[in-house]
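Each chain gets a letter, A, B and so on, in the order the sequences are listed, and its residues count up from 1.
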Protein chains: 2
Amino acid sequence: MKSNSLFKGSLNTIILTLLKQNDRMYGYEITQKVKEMTSSDLIITEGALYPALHKLEGDGLLTVSIEKVGNRNRKYYQLTENGKTETVNRLNDLKDFIEQMQLILNTKLATQ
Amino acid sequence: MKSNSLFKGSLNTIILTLLKQNDRMYGYEITQKVKEMTSSDLIITEGALYPALHKLEGDGLLTVSIEKVGNRNRKYYQLTENGKTETVNRLNDLKDFIEQMQLILNTKLATQ
DNA sequence: CAAATATACCTAAAACTCTTAGGTATCAAA
DNA sequence: TTTGATACCTAAGAGTTTTAGGTATATTTG
């Protein structure tokens with residue numbers, strides 16, 4: 001099918017945008033959501049996700065709150081104000097990237 | 001403006017597609033072409049380009065022919081048959097990536 | 001004409017991101 | 001009771017790009 005690898009930087013954009021859409025989510029939920037939305041075409045590995053979440057938190061773009069569900073801890077992540085700003089920036093970067101690729105490749109890359 | 005970084009894997013796709021469009025090009029020419037086409041928004045650094053060209057050659061996707069211009073050597077690169085096939089694959093991967101991102105981000109990323 | 005800029009190739013260290021391959025533990029279903 | 005799902009995590013390695021050099025010829029500019 002396709003190389004199931006992400007493009008550089010797209011993971012952070014995915015995380016930030018999902019949190020913008022859903023207010024708060026926990027890590028495992030993000031992996032399942034992406035899997036579901038792309039019909040299992042895109043798999044976010046946990047080895048990539050958790051370090052990315054920790055870095056976004058360290059950069060002040062996310063905050064965490066731990067919630068006990070049954071006997072297990074869930075870590076819910078939420079956008080900070082900086083996080084909301086950065087989400088807009090990342091989306092603009094992605095749009096710029098696609099526009100640049102269209103210029104170079106001389107091709108419409110996205111349908112409609 | 002924007003983070004002037006490429007997205008992972010996009011450099012190879014750019015190289016291959018430019019060679020498909022222009023039959024043969026040399027390294028420096030590729031950097032200038034991309035700069036010109038994107039109004040200096042996207043800069044291909046030589047530190048990324050030359051190793052990428054060597055790898056594509058090693059993988060059998062490109063062939064080289066050296067041409068003396070004045071007193072300097074230019075290395076012209078050209079797609080092999082495998083290279084032509086791989087170019088189509090890379091373009092399809094990029095289109096798939098954009099479609100997946102549109103699904104996840106719930107946004108039209110490319111105009112038209 | 002000298003010095004700066006452009007052309008044209010190159011490499012190596014470091015940074016960064018993601019994959020692979022583990023690990024722990026709880027909970028539900030077979 | 002054992003498998004699979006849920007839920008977190010880390011570390012080694014692979015791969016790509018940036019940064020920061022290096023060499024040399026050709027052209028432009030002050």
Side-chain angles (χ1 to χ4, degrees), chain A residues 2-16 24-36 40-59 61-62 64-77 90 93-94 97 100-101, chain B residues 2-16 24-36 40-59 61-62 64-77 90 93-94 97 100-101:
Chain A
K2 57 205 65 171
S3 65
N4 70 329
S5 62
L6 295 168
F7 280 68
K8 176 188 166 190
S10 57
L11 178 56
N12 283 329
T13 306
I14 290 171
I15 293 172
L16 291 172
R24 59 179 221 147
M25 299 180 83
Y26 54 98
Y28 187 76
E29 187 183 11
I30 292 174
T31 66
Q32 298 308 301
K33 189 80 176 174
V34 169
K35 191 177 172 187
E36 172 203 322
S40 298
D41 272 341
L42 193 57
I43 302 297
I44 305 292
T45 62
E46 300 190 346
L49 179 71
Y50 290 113
L53 286 171
H54 300 160
K55 183 169 191 314
L56 289 171
E57 189 198 349
D59 290 346
L61 305 183
L62 304 183
V64 196
S65 54
I66 297 178
E67 198 165 300
K68 196 141 200 154
V69 178
N71 218 340
R72 272 187 300 199
N73 287 326
R74 271 186 198 162
K75 293 178 78 173
Y76 276 97
Y77 289 91
R90 299 296 178 102
D93 284 350
L94 183 57
F97 165 71
Q100 288 167 355
M101 289 301 279
Chain B
K2 57 205 64 173
S3 63
N4 68 331
S5 62
L6 294 167
F7 279 68
K8 177 186 165 191
S10 56
L11 178 56
N12 284 329
T13 306
I14 290 171
I15 293 171
L16 291 172
R24 60 180 219 145
M25 299 181 84
Y26 56 98
Y28 188 75
E29 188 183 10
I30 292 175
T31 65
Q32 299 307 301
K33 189 78 178 178
V34 168
K35 192 177 171 185
E36 173 204 324
S40 298
D41 272 340
L42 194 57
I43 303 297
I44 305 291
T45 61
E46 300 190 345
L49 179 72
Y50 290 112
L53 286 172
H54 300 160
K55 185 171 191 313
L56 289 170
E57 189 199 349
D59 291 346
L61 305 183
L62 305 182
V64 195
S65 54
I66 298 178
E67 199 165 297
K68 198 145 198 148
V69 178
N71 217 341
R72 271 188 299 200
N73 287 326
R74 271 187 198 162
K75 294 180 78 173
Y76 276 97
Y77 289 91
R90 299 296 177 104
D93 284 348
L94 183 57
F97 164 72
Q100 288 168 355
M101 289 301 279

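What separates NZ of B:K75 from C1' of D:dT23 is a distance of 15 Å, to the nearest Å. Residue A:N71 contributes atom CG, which lies 15 Å from atom P of D:dC8 at whole-angstrom precision. One can place CD1 of A:I44 at 17 Å from P of D:dA7, the figure rounded to the nearest angstrom. Atom pair B:L53:CG and C:dA8:P shows a separation of 14 Å (rounding to whole Å applied). To the nearest angstrom, C1' of C:dA8 lies 12 Å from CD of B:E29. We find that CD1 of B:I43 is positioned 15 Å from C1' of D:dT19, with the value rounded to whole Å. When the C1' atom of D:dC8 is taken as reference, atom NZ of A:K68 falls 13 Å away, rounded to whole Å. The distance between atom CD of A:Q32 and atom P of D:dC8, rounded to the nearest whole Å, is 11 Å.
Contact annotation: B:K55 does not reach the phosphate of D:dG15 (side-chain N/O to OP1 or OP2, under 4.0 Å). In this model, the phosphate group of C:dC9 is approached by a side-chain N or O of B:Y50 to a distance below 4.0 Å at OP1 or OP2. Of the side-chain N and O atoms in B:T45, one or more sit less than 4.0 angstrom from OP1 or OP2 of D:dT18. In this model, the phosphate group of C:dC9 is not approached by any side-chain N or O of B:H54 to a distance below 4.0 Å at OP1 or OP2. Distances shown here put every side-chain N or O of A:Y26 at or beyond 4.0 Å from the OP1 or OP2 atom of D:dC8.
Pairing each heavy atom of B:T31 with each of B:I44, the nearest pair is CG2-O, 3.6 Å.
The residue among A:P51 and A:R72 whose nearest nucleotide of DNA chain C is located toward the 5' end is A:P51.
Using a 4.5 Å heavy-atom threshold, the side chains of B:E67 and B:Y26 count as separate. Taking 4.5 Å as the limit, every side-chain heavy atom of B:S65 sits out of range of all side-chain heavy atoms of B:Y77. When side chains are defined from C-beta on, A:R74 does not count as touching A:I66, because their heavy atoms never get closer than 4.5 Å. Between B:M101 and A:L94 the shortest side-chain heavy-atom distance falls below 4.5 Å.
Counting only heavy atoms from C-beta on, B:Y28 has its side chain closest to C:dC9 among C:dC9, D:dA5, C:dC18.
Residue contacts shown for A:E46 include a base, since a base heavy atom lies under 4.0 Å away. Residue contacts shown for A:G47 include a base, since a base heavy atom lies under 4.0 Å away.
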